[in-house]
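The figures that follow rest on heavy atoms only: side chains count, while hydrogens, waters and symmetry mates do not. Chain letters run A, B, ... following the sequence lines, proteins first, then strands; residues in each count from 1.
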Amino acid sequence: MRQALVLGFVAAFAAGPWPQAAAQTEDPVAAEFDKFRAVLEQDNPAELWEVKGEQLWKTPGGPNKVSLEKCDLGLGSGVVKGAYAQMPRYFADVGRVMDAEARIVHCMITLQGFKYEDLAKAPFSSATRTPDPVSITTYVAAQSAGMKLAPSQGHPKEKEAYTLGKEIFFYRAGPWDFSCANCHGLDGKRIRTQPLPNFAKPETALASVQGWPGYRMTGGVMHSLQWRLSDCFRQQRFPKPDYASETLSLLMTYLTVNASGQTYKGPGIKR
Amino acid sequence: MKLKTLALLAGGATILASCATGPGGSHGDALRLMQRDFKPVGIATMDRLKQDKVQAACNKYDDNPPKALADELQKEQYATVKWPADGKLLGDWKSGEKIAQRGRGMAWNDKPGKTSRGEPNGGSCYNCHQIGPATTSFGTIGPSLYQFGKLRGYGPDIQRYAYAKIYNAKAYSVCSGMPRFGHSGTLTEQQMKDLTALLMDPASPVNQ
Amino acid sequence: MADPMKIRATVQGDVADVRVLMAHPMETGQRKQAGKAVPLHFIQSITAQLNGKTVFSADISQAISRNPVFAFKVKGAKAGDKIVITWKDNKGETRTDETTVRAGS
Amino acid sequence: MQQTRRSVIKAGGALGLLAVLGSALLKPGRALAAWNKGAFEAKSAIDAMRALGITNTEESKDIVIRAPDIAENGAVVPIDVTSNIPGTTSISVFIEKNPFPYTGTFDFAAGAVPFVHLRAKLGESTPVRVVVAAGGKYYTTAKEVKVTIGGCGG
């Protein structure tokens, strides 16, 4: 009965001025997921890591026993509010574009004295351990909740990053001939029951950024975009991208710029 | 060690982008970055980043190459199909159903021909296709295969089409989003026969 | 020591809406890590007090999701009241956190 | 045997017939303060209920279960239970097809509203059964939740 109503609603709006909204409600399964995703987001375990990340940011740590409060996320030394929504961006001190987590890792190395090799050894969360950069990224991301995504595209290197990121997104290779676009360059498709938003289109690109860092229901762990993209390459049957590498920052630039101007809700919940 | 860190964190300054056009444009610089930033893991070796003729053509033409080129490549791809020596194309649909359900294999922690759990590689078929009526959690990237044989007939030509499509999807549509399961060594001959049976055996639930 | 809970309590009219996030692995004993089963490890009981009086309590199993989330409601609460929540797991570990009821918006 | 028990549970009102199996002397409400190991380790909802002393239940439309028809991920299924039955003192949840169906009992005292939000693991598609203790009696209802394969499966 309810299903019939939903379908009727969709039919009424299919020819309306909001094709995107229609595409989202078309699938009753997706509609059910959306409804309960909102319930889950109301109390998101991600908040536990926001608290932890804030502590890690503010407490002296690492071999140098200093906090990260001098870390420049692009808006000046120590400014966290709004920084995530404007990343990836170009950093003159490293001569390249960095996403939030890559920048945090950079600060942990340069300010706190950590070694990249140590941070990159097991950079992703497991059931029993959440690496510090993941918690810190969650905290930093939460400080941009409700803000419009505005990754900077003013510097030539930022424009170049977008172009290169786009090429990486569309690069078909590997034993299964996959590019990112094979799954995420199509409209209104799903894998199993999971919707696959088209990240190449501004209307649907937000889904590539929204909800990350995210509390992932599978395994009950906190993951950032670094993990998401890395694991996509695993599923793509590619070799493994280095943690916090430039390739990942470039790909994130492509995705985030496509979603520019849309509101970022902060850390989310993911399947 | 320190050099590596620097390369990872500040490397970009040294690589300049040429004027890339569309998604199909020059990816020389992007590829160079990927070759620097990706590392092999187990069976996922670095040569997986190298494109073959089909991948390169599809990339270059945004999955829509000129007809003459597409025809030529499709012919080449069709020629790669190795037909079973015993001439039989239909295996066991029950085993085919399991292969269609399984989505593992060929990734970082998997072994040659086997998943990390020691099962034979899966075909990931349900990820993209509706197949048997019992599974409602199917993907929609590919067309529905429900009643595949019932709708198309159970004759030898359709059998050969199904087998060859699984073996090398690019033989029929050169930029198809479907992997080349035989050509890439993902599935064995027996597995592909079992999948063909899942689609073509009149007794398979797919054809009920 | 276990990580702190995150508790939110807001009052609308005279009903307080209490929502709590707990950091706990809630291991079912079925999960394997490196070929070995991870032993059962889960919160067994929870009590919540409003100004020292138990209002809500629960006995739960390992089927509650990892990093548990609960919400409940208490009538007769007002802004400034104290909510104290305690959990105890099957290994005897326990954690207590508190918050003050805030006026809802 | 288990299948039979399950159909009995599905039959709902028929559950009352099982009263004779348990001790009719046990009073509703949790008899012991201690975590009920026997109930939590029971492999069927019926056995768990028996261990809890729940032996006579009545189907009720005054219990509202809000849970997804299809769960996006069986590892985290949000469940809201509201009892509109006057005098409700506790809400118990049984995920019938889980290896250990008894998931928990939530007790309300001193002004607590008979409502709870929880998130549970569902191993497969299953009825989620709720038993409410109120005014010396037990009331029950259930909701079916479907669990499917979500992502790439790899």
Side-chain angles (χ1 to χ4, degrees), chain C residues 8-9 11-22 24-31 40 42-78 81 83 85 87-92 101, chain D residues 30-43 45 48 51-52 66 71 73-83 88-124 126 128:
Chain C
R8 232 189 315 251
V11 68
Q12 292 272 17
D14 71 336
V15 177
D17 180 31
V18 185
R19 322 190 71 92
V20 54
L21 306 172
M22 301 169 177
H24 201 284
M26 299 301 285
E27 291 290 354
T28 59
Q30 319 271 320
R31 195 173 67 89
L40 260 173
F42 65 104
I43 293 175
Q44 286 187 317
S45 55
I46 299 158
T47 57
Q49 296 183 324
L50 176 75
N51 299 331
K53 222 169 157 187
T54 298
V55 286
F56 174 87
S57 60
D59 281 357
I60 58 169
S61 81
Q62 65 273 27
I64 294 295
S65 305
R66 171 167 293 162
N67 300 310
V69 175
F70 293 101
F72 57 93
K73 292 171 178 166
V74 191
K75 221 173 144 73
K78 56 188 187 306
D81 284 356
I83 296 269
I85 299 179
W87 59 250
K88 191 177 166 203
D89 72 17
N90 67 322
K91 291 185 179 174
V101 178
Chain D
R30 279 189 301 155
L32 298 166
W35 192 79
N36 193 323
K37 196 168 149 70
F40 279 112
E41 288 181 356
K43 293 203 165 74
L52 289 164
R66 186 177 185 240
N73 192 324
V76 186
V77 178
I79 301 168
D80 278 359
V81 185
T82 306
S83 169
T88 295
T89 52
S90 79
I91 288 173
S92 297
V93 178
F94 303 84
I95 298 166
E96 292 188 4
K97 291 197 186 172
N98 269 3
F100 305 103
Y102 179 39
T103 306
T105 294
F106 304 88
D107 293 310
F108 309 94
V113 178
F115 157 86
V116 66
H117 168 82
L118 60 106
R119 296 173 188 185
K121 299 167 195 150
L122 271 60
E124 57 182 304
T126 174
V128 173

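Only the side chain of D:Phe40 comes within contact range of chain C, judged by heavy atoms closer than 4.5 Å. Residue contact with chain D, scored on non-hydrogen atoms closer than 4.5 Å, is absent for C:Val18.
To the nearest 0.5 Å, atom CZ of residue D:Phe108 and atom CZ of residue C:Phe56 are 5.5 Å apart.
Applying the side-chain hydrogen bond (donor to acceptor under 3.5 Å, both in side chains) rule to D:Arg119 yields the partners D:His117; only residues at least two apart in sequence or on another chain are considered.
A pairwise comparison of heavy atoms in D:Trp35 and C:Asp59 identifies CA-OD2, 3.6 Å as the closest pair. The minimum heavy-atom distance linking D:Phe106 with C:Ala58 is given by the pair CD2-CB, 3.4 Å.
Ranked by non-hydrogen atom pairs under 4.5 Å with chain C, the options D:Leu122, D:Leu118, D:Thr103 are led by D:Thr103. Counting heavy-atom pairs closer than 4.5 Å to chain C, the top-ranked of the candidates D:Pro114, D:Ala110, D:Gly111 is D:Gly111.
The backbone N or O of D:Ala75 lies less than 3.5 Å from a partner atom in the side chain of C:Ser65, making a donor-acceptor pair. Side-chain atoms of D:Lys121 come within 3.5 Å of backbone N or O of C:Gln62 as a donor-acceptor pair.
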